[in-house]
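Below is one structure; the comments refer to it alone.
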Amino acid sequence: MCYGSRLKSKTMETKKLTGSKAVLEACIAEGVDTIFGYPGGAIMPIYDALYDYKEKLQHILVRHEQGGIHAGQGYARSSGKVGVVFATSGPGATNLVTGLADAMIDSTPLVCITGQVFAHLLGTDAFQETDVINITMPVTKWNYQITDAVEIPSILAKAFYIARSGRPGPVLIDISKNAQFQEFDYEGYIKCNHVRSYRPAPIIRKEFIDEAVQLINNAKKPLVIFGQGVILGKAEKEFKKFIEKSGMPAAWTILGLSALATDHPQNVGMLGMHGNYGPNVLTNECDVLIAIGMRFDDRVTGRLDKYAKQAKIIHLDIDPSEIDKNVKADVGVWGDCKETLPLLTLGIEQKDRTEWLQVFADYAKQEYEQCIQPELYPTTPDMTMGEVIRIVNETTKGEAIVVTDVGQHQMVTCRYAKFNETRSNITSGGLGTMGFSLPAAIGAKFGALDRTVIAVIGDGGFQMTLQELGTIMQTGIDVKILILNNQFLGMVRQWQDMFMEKRYSFVDIQSPNYVMLAKSYGIDGAKVEDRADLVNAVETMLAHKGSYLLEVMVGKENNVFPMVPQGCSVSEIRLK
């Protein structure tokens with residue numbers, strides 16, 4: 001059961017309302033301003049009602065339901081609000097599944113509303129009927145099917161509450177067509193603030209705070225690793241105070257990137273398979289490891305039986321199921337890090353850890369000489385992805401939102417992009433969804449209209465969702481599209497190069513003329529093949545009024561290093 005309080009102090013009069021209009025009234029009451037969707041037969045009554053709500057709700061017509069849900073994710077990630085997506089039944093609903101799985105593993109708050117066939121046809125294999133509830137159960141935080149319009153206000157209130165509270169995630173509500181048409185006695189909308197048996201944030205236990213404080217104060221070589229939980233908890237300021245008082249080095253997961261400014265003196269870089277040299281090696285040398293809002297993903301830990309065995313582990317997380325799931329914690333601190341971090345900061349001692357930070361700096365110098373300098377300032381004829389990102393950094397001054405797809409360009413961008421502001425790095429982390437970037441960048445721009453949004457995409461991923469150029473054309477939204485084209489499915493090719501004796505099996509991918517393609521959608525663009533033209537081309541892209549596509553031809557067989565080979569420990573990271 002969901003409990004809440006009315007939005008208006010006075011009791012609202014009962015009035016007749018259709019289920020479709022009740023859906024839209026719920027969206028307005030929850031502060032929704034933008035909906036991403038694609039109409040179809042089973043959701044047509046809601047779209048008919050939407051015709052009369054154009055001044056209150058902005059609807060973005062995408063070109064594919066997968067594009068709609070990725071746009072909803074981008075919107076949620078840049079704005080901090082719940083993304084809302086509409087789709088019809090059958091293939092419309094199933095086209096949301098990849099995005100739901102992506103949002104689930106990356107803790108992105110979404111409310112997806114799907115139309116369904118008439119209730120009396122359920123289970124008859126009617127036209128465009130699928131059992132969307134059972135299909136999406138593993139990839140949603142909660143889902144529910146409505147066949148009676150009376151349920152719509154309370155169920156949607158519960159949906160928004162569950163999506164945004166605690167560890168956020170996607171919720172799907174499936175509404176039969178008869179419920180959309182049905183008139184009922186509408187008594188107003190009550191926001192939900194409690195669901196029986198659901199505790200979004202666990203009770204903070206002081207004894208665990210005290211144990212963590214003692215471990216931190218006694219540590220000689222502590223290391224903080226932080227993930228997206230800091231951003232989701234809106235705890236960036238609390239986190240900064242915590243590390244500055246403790247003096248500890250702090251390393252990030254790719255979803256934690258931008259929670260702390262990249263040039264902060266205690267920011268020692270990225271963890272994981274393509275992370276920085278020092279944080280990976282020194283994970284296996286620190287004496288206390290403090291994990292904040294991250295889940296010890298396998299790409300971060302490498303071999304678990306060789307991961308930080310020498311260290312005492314402190315794990316802060318709002319989701320108790322994450323503690324001890326992959327890495328056994330010596331102290332598990334349950335709770336929202338916006339509340340737990342100040343308690344830790346209050347108890348820890350002010351310390352200067354210059355000598356320990358210098359160890360990271362020494363590793364960083366070695367990595368710079370062997371990996372970073374050749375990537376950012378290449379002397380080879382071929383352009384590198386790293387030098388393109390360096391020029392983007394120099395032009396944007398770290399102020400842009402960067403939305404990456406999945407592959408080599410993603411790792412390079414996460415390694416080298418500079419960020420001064422939180423919610424600036426948007427990528428598909430846990431699921432690794434190719435095709436994510438372009439629609440997510442569209443959503444990110446709608447969620448942050450005052451910021452520059454750059455979609456950094458590989459030639460493979462771009463071709464998975466390039467139809468969303470039509471969404472850009474129709475809306476006129478300003479998104480900068482940067483395609484780093486190496487004429488390969490680069491990350492797969494790198495693995496085939498390193499571990500499969502260069503047996504390049506079906507990774508040589510051909511591309512259309514991207515600039516002509518963009519222009520066919522009314523989007524200006526250019527292609528760069530010569531290093532001498534690169535700086536001007538990037539500056540032109542960023543200065544252009546409106547969306548712009550820039551394709552940069554980079555080296556075909558460049559690999560991303562450092563790299564922790566699969567099956568190895570993080571301390572076995574390779575510089576080349």
Side-chain angles (χ1 to χ4, degrees), residues 36 38 62-78 83 85 87 91-110 112 135-136 138-141 168-172 227-228 232 253-257 272-274 295 297-300 401-414 425-445 447 453-469 471 479 481-484 488-495 507 509 560:
F36 303 91
Y38 202 95
V62 295
R63 296 305 184 264
H64 190 285
E65 291 89 356
Q66 183 179 348
I69 193 165
H70 290 331
Q73 290 175 267
Y75 175 90
R77 297 270 287 275
S78 70
V85 183
T94 59
N95 282 341
L96 298 180
V97 171
T98 296
L100 288 169
D102 195 290
M104 185 69 175
I105 201 167
D106 282 355
S107 303
T108 303
L110 296 176
C112 297
I135 288 172
T136 62
V139 291
T140 52
K141 191 176 176 185
V171 172
L172 182 139
Q228 190 185 200
L232 296 174
T253 69
I254 64 168
L255 292 181
L257 175 57
M273 181 171 282
H274 290 287
R295 57 191 178 85
D297 173 73
D298 62 294
R299 287 294 173 99
V300 167
I401 294 174
V402 179
V403 187
T404 48
D405 212 79
V406 172
Q408 287 182 313
H409 71 278
Q410 176 192 33
M411 295 296 101
V412 169
T413 304
C414 288
N425 170 60
I426 298 174
T427 194
S428 172
L431 196 64
T433 304
M434 290 179 68
F436 173 85
S437 179
L438 181 61
I442 293 169
K445 183 64 179 181
V453 174
I454 306 170
V456 181
I457 318 178
D459 46 315
F462 184 74
Q463 292 187 69
M464 287 194 169
T465 51
L466 57 77
Q467 73 277 353
E468 297 308 326
L469 292 174
T471 305
V479 173
I481 305 162
L482 176 58
I483 300 174
L484 301 180
F488 270 118
L489 298 177
M491 188 60 82
V492 182
R493 183 211 55 77
Q494 177 168 338
W495 280 58
V507 289
I509 187 169
V560 183

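These numbers come from the heavy atoms of this one structure, side chains and all, not from hydrogens, waters or symmetry mates.
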| Considering all heavy atoms of both residues, which atom of Cys112 and which atom of Leu100 are nearest to each other, and what is their separation? | SG-CD2, 3.9 Å
| Within the side chain of Asp102, is there an N or O that forms a donor-acceptor pair under 3.5 Å with the backbone of Thr98? | no
| task | Show your reasoning for whether side-chain contact (heavy atoms from CB on, under 4.5 Å) applies to Ile105 and Arg295. | result | CA-CA 10 Å; Ile105 201 167; Arg295 57 191 178 85; 3.7 Å; yes
| task | Measure the CD1-CG distance between Ile457 and Leu438 for me, rounded to the nearest 0.5 Å. | result | 5.0 Å
| note | Distance col, row Leu110:CG vs Phe36:CZ, nearest 0.5 angstrom, shows 10.5 Å
| Euclidean distance, Asn425 CG relative to Ser78 OG, rounded to 0.5 Å | 12.5 Å
| remark: Here the pair of heavy atoms bringing Val62 nearest to Thr471 is CA-OG1, 3.3 Å
| task | Decide yes or no for Thr465 and Gln467: does some side-chain heavy atom of the first lie under 4.5 Å from some side-chain heavy atom of the second? | result | yes
| Does some side-chain heavy atom of Gln494 sit less than 4.5 Å from a side-chain heavy atom of Met411? | no
| Candidate pair Gln463 and Ile509, rule side-chain contact (heavy atoms from CB on, under 4.5 Å), full reasoning | CA-CA 10 Å; Gln463 292 187 69; Ile509 187 169; 3.8 Å; yes
| Heavy-atom check, side chain of Phe462 versus side chain of Leu469, under 4.5 Å | yes
| said: Any heavy-atom pair between the side chains of Arg77 and Val403 that's under 4.5 Å? | reply: no
| query | At what distance, to the nearest 0.5 angstrom, does CG of Asp297 lie from OG1 of Thr253? | reply | 8.5 Å
| remark: Heavy-atom nearest pair, Gln66 first then His64, reads N-ND1, 2.9 Å
| What are the two closest non-hydrogen atoms of Lys141 and Pro168, and how far apart are they? | NZ-CA, 4.2 Å
| field | Donor-acceptor contact present, side-chain Asp405 to main-chain Gly435, <3.5 Å | value | yes
| Can you tell me how far the CD1 atom of Ile426 sits from the CG atom of Leu255, to the nearest 0.5 Å? | 11.0 Å
| Test item: Arg493 and Gln408 side chains (from C-beta on) under 4.5 Å apart, heavy atoms | yes
| request: Kindly compute the distance separating OG1 (Thr413) from CD1 (Ile254), expressed to the nearest 0.5 Å. | output: 11.0 Å
| message | Measuring only between side-chain heavy atoms, which start at C-beta, is Thr136 closer than 4.5 Å to Met104? | response | no
| said: Closer than 3.5 angstrom, by distance alone: can the side chain of Gln228 be matched with the main-chain N or O of Asp106 as a donor-acceptor pair? | reply: yes
| request: Taking all non-hydrogen atoms of both residues into account, name the closest pair between Pro170 and Val139 and its distance. | output: CG-O, 3.6 Å
| Looking only at heavy atoms, what is the nearest atom pair of Thr404 and His409, with distance? | C-NE2, 4.3 Å
| message | For a side chain to side chain donor-acceptor pair (under 3.5 Å) check, start with the C-alpha distance between Thr427 and Gln410, then their side-chain angles and the critical distance, and finish with the verdict. | response | CA-CA 8 Å; Thr427 194; Gln410 176 192 33; 2.8 Å; yes
